[in-house]
Visitor: 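Here it is, the structure in full.
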Protein chains: 2
Amino acid sequence: MRARLKDVAARAGVATNTASTILNRRSNSWASKETAARVFKAAEELGYKPSRAALGLRLGSFKTVGLVIPDLHNPVYTTFADLLEQRMRDHGYDLILEHSRNDLKYEKHCLDSIIDRQIDAVTYFVSDLNTHLDFLKRAAKTSTHVVALTGPSIEPFPFDAVEMDFASGITAAVEHLLDLGHEHFAFLCALAKGQEAGDRPNVFNQMLKERGIPENQNSFIPCAHDLLSARNTFGEFLDGISGPKPTALIAMNDLTAIGAMRAASERGIRVPEDLSVIGVDNIPLGRFLPRQLSTIAQPLEELADATAELMLYRLNNDDEEDSKPQSRKFKAKLLIKETTGRVC
Amino acid sequence: MRARLKDVAARAGVATNTASTILNRRSNSWASKETAARVFKAAEELGYKPSRAALGLRLGSFKTVGLVIPDLHNPVYTTFADLLEQRMRDHGYDLILEHSRNDLKYEKHCLDSIIDRQIDAVTYFVSDLNTHLDFLKRAAKTSTHVVALTGPSIEPFPFDAVEMDFASGITAAVEHLLDLGHEHFAFLCALAKGQEAGDRPNVFNQMLKERGIPENQNSFIPCAHDLLSARNTFGEFLDGISGPKPTALIAMNDLTAIGAMRAASERGIRVPEDLSVIGVDNIPLGRFLPRQLSTIAQPLEELADATAELMLYRLNNDDEEDSKPQSRKFKAKLLIKETTGRVC
DNA sequence: TTGTAAGCGTTATCAT
DNA sequence: ATGATAACGCTTACAA
């Protein structure tokens, strides 16, 4: 059987609590060096590890934070998870990773599971604010700290948030494509299951209209988050198109950009000669494709830093519940690589 | 504050243990429908969730299993993790995912952390058997069940194992390349930090020698697991080579194959015209590259099935500690796609 | 310096 | 049918 503190104490010939005090190097321990040494030795010999269950029960915390990502297979999220884990571990917290499979229903399940576990804090990518406002409130009730990873909000966000603004990056991308002479655009938008496109098409159309491109020269193509869906959706779009094909594609994430490029290549469409492609995320993989993927980059390290910082602040100031929600804002940057070119 | 069972009982006007019995639908509960309904209602209203900490302490288990993967950024592992998670969740177990960053030292840390958490069972990719034989023994002591994901072992493996045999797949790959007329081979081998190449080069040389290719026409190139290392290592190899360049490359995993192909493309070497490439793993991504990646495929779903099955068997038969270790064996299969071709 | 005892939230045993 | 009570392993006053 697993060794308990009691066993360690017995073997060292002290009382249980004495062993506890010594092992935790509590300041009120005036135990003799000798005694302390005996206890450490006993713990070592027995391979003693404190029971997380007992610790959790007694201390009311597992020293663990949660991260819910939409997609375990998208490198942008695993990269972020990795970064955040390192930062939290440096401060003595474990990170539990859940993934919601790009499904709003399942996301709710993940968040519930996080709360169940009495995790100290959670951070997650907010796909739809309304859907989760009730979660945020419930989390607040069980005193689970939340840091939301979200788009920019106009009103002050009612919870701690790391806000990522893609708008300027997308605008820069469009303007860069216009400079290259492109006039026919496609916009591939990865949507979670159960998520609506919302006003994204309008935003896109509006942006182009302001720059002299009429609405009938733009195509808004909703698809799922995975490679296969991107390939199929964009492929079917290409096959079904009647007028002139788009010469420029902006994909809402790098992974779908890769899927779309495959669909193009299957149809003899060359990138970037026939089609310029810009993704979003700047996943490491993008730099290792035969053509390095042009992309709108998220500053992942800074996002992880900010997230860790906000979490740790709450974790360390558990008392001051009333303090104002904080937010950190970041902007995406256009990164031109090898999948964009002048229109032929 | 979070609602406790005591609160639910109070609100329903019953004793704590009665509430427990009812909520868990224990068979000895002869509670009246009325009482039961009241308890369920109270639990609902209070948003009652049992405390994992208390449950863990009382039941001695968290109904959780662990999976340690070498690399969170390699789709083959996240795919496996996803599959295993689904299967375990179907049987009421949560999956905790750790990644050891392809570092033998850190892997040990991960495994320790798993044991610490009083997790019921753990499965992990054995990179080096000797390094971890002591872990396996220690796990046995704390009655943490282990299923090892490992290469084929000659002697019966002393623990439950899912054995993956790549040898026949690699042989098939070599023979296929020979059929295509290749005579100069490179072998890119991803090694974990702290891991030795062992007899891999010899196995490789021997296999080719038996088929008429002298040793000086083979290159064994060790590298790390990541894209960047693969690109740099293979790039430097290409730059430094004096005699004829290899026309065939077998990379020990798809990710490094992608990195190596990038290095080739940067040097104007075309795939497959100038260089045939075969990876290992059959990651989904491989099918969405401009050239679909030829690969040696692991049957991931079957591996996940087998792993889940072995784990669940131990979990459900906690008593029969003495029963023999079991193993399930699988073979990799060659999958020819678009990155292999006749030598020009 | 060390020991005693209470308590964290739950389940299980035994009375009632 | 239901209720007291002990126990899981640990920390932390407080007493000695």
Side-chain angles (χ1 to χ4, degrees), chain A residues 1-40 42-43 46-64 115-120 142-143 318, chain B residues 1-40 42-43 46-64 115-120 142-143 318:
Chain A
M1 262 314 295
R2 186 190 195 85
R4 290 148 305 163
L5 183 54
K6 194 203 293 187
D7 304 322
V8 174
R11 176 175 258 254
V14 301
T16 318
N17 52 345
T18 309
S20 167
T21 312
I22 290 171
L23 253 21
N24 292 310
R25 304 164 192 285
R26 209 96 35 65
S27 57
N28 70 332
S29 165
W30 293 357
S32 64
K33 298 279 172 211
E34 266 189 344
T35 317
R38 265 207 330 282
V39 171
F40 279 115
L46 261 37
Y48 169 74
K49 300 277 183 176
S51 147
R52 303 277 294 205
L55 240 35
L57 185 54
R58 182 66 239 239
L59 269 24
S61 145
F62 284 112
K63 282 284 216 176
T64 301
I115 289 197
D116 277 16
R117 286 169 180 278
Q118 298 174 246
I119 269 174
D120 303 299
T142 58
S143 67
D318 231 341
Chain B
M1 262 314 294
R2 184 191 198 87
R4 291 148 305 164
L5 184 55
K6 195 203 293 187
D7 304 322
V8 174
R11 175 175 259 255
V14 300
T16 317
N17 52 349
T18 309
S20 168
T21 313
I22 291 172
L23 254 20
N24 291 309
R25 305 164 192 285
R26 211 100 27 70
S27 57
N28 69 332
S29 165
W30 293 358
S32 65
K33 296 282 170 209
E34 265 187 345
T35 317
R38 262 205 334 278
V39 171
F40 279 114
L46 261 37
Y48 169 74
K49 300 276 183 174
S51 148
R52 305 276 295 204
L55 241 36
L57 184 55
R58 184 66 244 242
L59 267 26
S61 145
F62 283 113
K63 281 285 218 176
T64 300
I115 289 198
D116 277 16
R117 288 170 178 278
Q118 298 176 248
I119 268 172
D120 303 299
T142 59
S143 68
D318 231 341

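We name chains A, B, ... by the order of the sequence lines, and we start the count at 1 in each one. Predicted model only: the values in this text are computed from it and were never measured.
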Visitor: Any idea which of D:dT11, C:dG3, D:dT2 is nearest the A:Thr18 side chain?
Guide: C:dG3

Visitor: Expressed in angstrom and rounded to an integer, what is the separation of A:Ile22 atom CD1 from C:dT1 atom C1'?
Guide: 10 Å

Visitor: Residues from residues 47-56 of chain A sitting under 4.0 Å of DNA chain D, heavy atoms only?
Guide: A:Tyr48, A:Pro50, A:Ser51, A:Ala54, A:Leu55

Visitor: From CZ of A:Phe62 over to P of D:dG9, roughly how many Å is that when rounded to an integer?
Guide: 15 Å

Visitor: Between the axis at one end of the helix from C:dT1-D:dA16 to C:dT16-D:dA1 and the axis at the other (five pairs apiece), what's the angle to 10 degrees?
Guide: 50°

Visitor: How would you list, by chain and number, every residue that makes a side-chain hydrogen bond (donor to acceptor under 3.5 Å, both in side chains) with B:Arg38, sequence neighbours excluded?
Guide: none

Visitor: To the nearest Å, how far apart are B:Asn24 CG and C:dT13 C1'?
Guide: 16 Å

Visitor: Between B:Gln118 (side chain) and B:Gly56 (backbone), is there a donor-acceptor pair under 3.5 Å?
Guide: no

Visitor: Just how far, in rounded Å, is P of D:dT11 from NZ of A:Lys6?
Guide: 14 Å

Visitor: Going by the rule side-chain hydrogen bond (donor to acceptor under 3.5 Å, both in side chains), which residues pair with A:Arg58 if we only count those two or more places apart in sequence or in a different chain?
Guide: none

Visitor: When you measure from the side chain of B:Thr64 to the backbone of B:Phe62, do you find a donor-acceptor pair of N or O atoms at a distance under 3.5 Å?
Guide: yes

Visitor: How many whole angstroms separate atom NZ of B:Lys63 from atom P of C:dT10?
Guide: 18 Å

Visitor: Looking at residues at least two apart in the chain, or sitting in another chain, which of them share a side-chain hydrogen bond (donor to acceptor under 3.5 Å, both in side chains) with B:Ser61?
Guide: B:Asp120

Visitor: Check whether B:Asn24 reaches the backbone of B:Thr21 with its side chain - one donor and one acceptor, N or O, closer than 3.5 Å.
Guide: no

Visitor: Among C:dT2, C:dT11, D:dC10, find the nucleotide with the atom closest to the side chain of A:Arg4.
Guide: D:dC10

Visitor: Consider the side chain of A:Leu57, meaning its heavy atoms from C-beta on, and name the nucleotide among D:dT11, D:dG9, D:dG3 that approaches it most closely.
Guide: D:dG9

Visitor: Look at the side chain of A:Arg58 and decide which nucleotide, out of C:dG7, C:dT2, C:dA12, has an atom nearest to it.
Guide: C:dG7

Visitor: Going by side-chain hydrogen bond (donor to acceptor under 3.5 Å, both in side chains), name the residues that satisfy it together with A:Thr16, two or more places apart in sequence or in a different chain.
Guide: none

Visitor: Can you measure from CZ (B:Arg117) to NZ (A:Lys49) and round to the nearest 0.5 angstrom?
Guide: 12.5 Å

Visitor: Whether A:Thr16 contacts D:dC10 is assessed here as follows: a side-chain N or O lying under 4.0 Å from the phosphate OP1 or OP2. Is that the case?
Guide: no

Visitor: Keeping B:Thr18 on the side-chain end and B:Val14 on the backbone end, is there a donor-acceptor pair under 3.5 Å?
Guide: no

Visitor: Mapping B:Gly13 and B:Leu59 to their closest nucleotides on DNA chain D, which lands nearer the 5' end?
Guide: B:Gly13

Visitor: Would you please confirm or rule out a distance under 4.0 Å between OP1 or OP2 of D:dC10 and any side-chain N or O of A:Ser20?
Guide: no

Visitor: Counting heavy atoms from C-beta on, name the nucleotide in C:dG3, D:dT11, C:dG9 closest to the side chain of A:Asn17.
Guide: C:dG3

